[in-house]
Amino acid sequence: MIGNSVKKKDHDAKISGQASYVDDIVMEGMLYGKMLRSTKARARIKNIVLPEISDDYFIIDKDDVTGENKIHVVLEDMPVFPEDTVEYIGDPILMVVGPDRKEIARILSEIVVDYEELEPVFDVRKSEISFFHHNYNKGDVDCAFEEADRIITETFETGQQEQAYLETNGLIAYPQDGRIVVRGSMQCPYYVIGAVSKALGEEREDIRIIQDVTGGAFGGKEDYPSILACQVAVAAKKAERPVKYVFDRREDMEFTSKRHPSVCTYKASVKDGKVTGLDIHVIYNAGAYTTLTDVVLQRGLIGACGVYNIGNLRVTGDGMKTNTVPNGAMRGFGAPQTFFAIEMMMNHIAKSLCTDPLTFKEKHLVKQGDETSTRGKFHFQVPLPEMIERADQLSDFRKKHALYKSQTGRFRKGIGISMVYHGCGFTGNGERDIIKSVAKLRKNSDDTVELLISITDMGQGAKTTFTKIAADTLGIPLDRVTFNNPDTDRVPDSGPTVASRSIMVVGELIKRASEKLKAQWKPGEEQVIEEHYVHPDFMIPFDIKTFRGDAYPTYSWAVNVIEVEVDTLTAVTKVLGAWGVYDVGTPLDLNIVHGQLQGGFLQSIGYASMEQIGYNEKGVVRNHSFSDYIIPTAMDVPNLVTDLVEVPYAAGPYGAKGAGELPNVAPAPAYIDALENALQNRIQHIPYTQEDIMTYLQEVENG
């Protein structure tokens, strides 16, 4: 079964409509919640005037939080409900709960909040509050600059991207036998249990978290369910009844976390035609609260020099506060920002040297045995050279790139290339010191086997891939292995479904447990096998304070090529072709792997070309529906080809590595490289929209 494609485990339930999402669930006596949200980007709350409400309705606010009024994510600066200040438009001041949504809306409309407005900060460059600061270095950067033939400095900016999952955030909380249960759409049940426990002031044993069928996440349900869970749990505890809260699309797009916008300044020293040093400063816009900014920023900083072996490196980074919606996790988790910057920087240095960019990049590529940016080691094969050649064969890149350099006429073509890695798993020692994953197998008396893990299937195929690992190892049919949605009363903490770790880390635990069970198999008897995470012994210990050591045990690799055609009269751009070559280790199910790769590819083209959350001058999100926040579809990239180069990872199940985030990292710089090839300009920000192209064309026309 490994490698081949099978029908996904959850296919029939979803196709038939039998799969129950949180919005499908109705419980006896259920109440519904709706937030009163701040209309000011930064203000002090002076007074709140509430209307009369009947006994079936409840106002839920900070005074109802029975534990600490703090939401545990990484730090705990975000309140469950604000104490006396609001920090962004949408900050939830209170929740109205009741049986009738129309009456809830009426109550909300009659609540009057008296604000004392304070000066907000929207421009991250003007922020004076750094939530997090990190820096690291290797070699001697100052010496490299002193000895340089030339020094080149550029600044790159990236935008705020919405995850755009199909199912919006939604949860139900209810009391049951003296405990509080929270269920619904989420990535990380054990993150939620920790947050709810703190907010309610209850022991973790008194909290139960159940994942329901989840309609997509892309990182957007890593941190946000912890926030909403605290709020609905507080409401359910006060009302002593089930409380459901499902966001409508507008509320979800306006007020849930998104990809961090960034400003990255790169200063490069060049000597004898090679980059000898990089001095990099990275700023990520955290928004109003810290949420996951620290760890997102860390991954961005570690990847700041891309796939290039630069001997002298100085990297500094800050996660800055602004008064916008807090930013959090999104596919790629901080890597797309800096990989865009380094790929464009290398292109632009090459052009300054009148050198072919691809040839220039190839001279700098890391290889097996080289030191990483954090003075760890690339322990395994780096297949970039053969991947570049494969991408060239598929796309005819080298020939077209030279051909498109000097075009005239209305329609002009361009082709671009990029190359990236994605570190698989949590940064550094996170798996060993923080996550400490546990996985279980339960063999029933009918000789069926159930996987007991906290990994969630959000549509990415986890149920199928994990059951294949177990069935193949045990040598039993796939339909004899089950994997139900995690319930913290039944499954151990296997860690969150994030960081391209699920298959590589937890999949390996399942494989090892299956091997043990196979060796101890007793027909007709119940058996339970438990496996615990073991840190790879080859890793150089990572120190988060100095950013020194192996940041990741291994890496997945990608080379992307995109070809475009630009209409220089209308600025309309077509993607003529898109080719991605990937090393994700051994693919465990080809259809699932290619689905991940193609979905991530398309999502990143949107990041590069059209997706951008926009705010007005008061901090109000202007585009909050799929009518005005445009994402690409299959129609926009009709010729999308993904191909695999397999370098199995010895510590992953059957050689598998991470695949989920990698395809979201490389396409943006390839797309912009293609535009530069067509237009013969230099681009330093994304998204680079049709309006940007028109502005550039008009500037050229006007001299």
Any pair with a residue in residues 218-230 that passes side chain to side chain donor-acceptor pair (under 3.5 Å), sequence neighbours left out, goes on the list, sorted by first then second residue, please.
Glu167-Lys221, Ser185-Lys221, Asp223-Ser257

Working to the nearest 0.5 angstrom, can you tell me the gap between Ile510 CD1 and Ile469 CD1?
7.5 Å

Hey, what do you get for OH (Tyr174) to CZ (Arg179), rounding to the nearest 0.5 Å?
10.0 Å

SB check Arg490 Glu450 (cutoff 4.0 Å)
yes

Taking C-beta and beyond as the side chain, do Phe466 and Ile503 meet within less than 4.5 Å on heavy atoms?
yes

At what distance, to the nearest 0.5 angstrom, does CG of Asn485 lie from CD of Gln211?
4.5 Å

If I take atom OG1 from residue Thr465 and atom CD1 from residue Ile592, how far apart are they, to the nearest 0.5 angstrom?
3.5 Å

How far does CD1 of Ile180 sit from CD1 of Ile209, to the nearest 0.5 angstrom?
10.0 Å

Sorted by chain and residue number, the side-chain contact (heavy atoms from CB on, under 4.5 Å) partners of Arg204 (sequence neighbours excluded) come out as Tyr190, Ile193, Ser197

I'd like to check the side-chain contact (heavy atoms from CB on, under 4.5 Å) partners of Asp628; sequence neighbours left out, ordered by chain and number.
Asn623, Ser625

Solution key, residues 42-55 side-chain donor-acceptor pairs under 3.5 Å, sequence neighbours excluded:
from	atom 1	to	atom 2	distance (Å)
Arg42	NH1	Glu119	O	2.8
Arg44	NH1	Glu116	OE1	3.1
Arg44	NH1	Glu116	OE2	3.4

State, yes or no, whether a side-chain contact exists between Phe58 and Leu31 at a heavy-atom distance under 4.5 Å.
yes

For Leu602, give me all partners under side-chain contact (heavy atoms from CB on, under 4.5 Å), at least two apart in sequence or on another chain.
Pro632, Val637

Output all residues satisfying side-chain contact (heavy atoms from CB on, under 4.5 Å) with Asp64, sequence neighbours left out; order by chain, then residue number.
Ile60, Asp61, Val234, Lys238

Under a 3.5 Å distance rule, please check whether Ser494 uses its side chain to pair with a backbone N or O of Val438 as donor and acceptor.
yes

Those residues at least two apart in sequence (or on a different chain) that pass salt bridge (Lys or Arg N to Asp or Glu O under 4.0 Å) with Asp63 are none

I'd like to know if the side chain of Arg37 and the backbone of Gly90 have a donor-acceptor N/O pair within less than 3.5 Å.
yes

Please list, chain by chain and in numerical order, all residues satisfying salt bridge (Lys or Arg N to Asp or Glu O under 4.0 Å) with Glu76, sequence neighbours excluded.
Lys198

Distance from Tyr615 atom OH to Arg622 atom CZ, nearest 0.5 Å?
11.0 Å

Side chains of Asn285 and Gln160, donor plus acceptor under 3.5 Å:
no

Does a sphere of radius 6.0 Å around CZ in Arg442 hold more than 12 heavy atoms from other residues, nucleotides or ligands, not counting ones at 6.0 Å or beyond?
no

Residues 7-17, side-chain donor-acceptor partners within the protein, below 3.5 Å, at least two apart:
from	atom 1	to	atom 2	distance (Å)
Lys7	NZ	Asp12	OD1	3.3
Lys7	NZ	Asp12	OD2	3.3
Lys8	NZ	Gly459	O	3.0
Lys9	NZ	Leu478	O	3.0
Lys9	NZ	Val481	O	2.8
Asp10	OD2	Lys14	NZ	3.0
Ser16	OG	Asp12	O	2.8
Ser16	OG	Ala13	O	3.3
Ser16	OG	Gln18	N	3.3
Ser16	OG	Gln18	OE1	3.3

Hey, could you give me each pair passing ring pair (Phe, Tyr, Trp, His ring centres under 6.0 Å) that has a residue in residues 79-98? Not counting sequence neighbours.
none

After noting the C-alpha distance and the side-chain angles of Lys34 and Glu251, does the key distance pass the salt bridge (charged side-chain N to carboxylate O under 4.0 Å, His left out) rule?
CA-CA 10 Å; Lys34 193 72 176 175; Glu251 190 173 25; 3.2 Å; yes

Kindly write out the residues that satisfy salt bridge (Lys or Arg N to Asp or Glu O under 4.0 Å) with Arg299, not counting sequence neighbours, or none if the list is empty.
none

When every non-hydrogen atom of Gln187 is compared with those of Thr456, the smallest separation belongs to O-OG1, 2.8 Å

Side-chain donor-acceptor contact under 3.5 Å, Arg259 with Thr158:
no

ring-ring contact (aromatic ring centres under 6.0 Å, His included) against Tyr245, all qualifying residues, sequence neighbours excluded:
Phe247

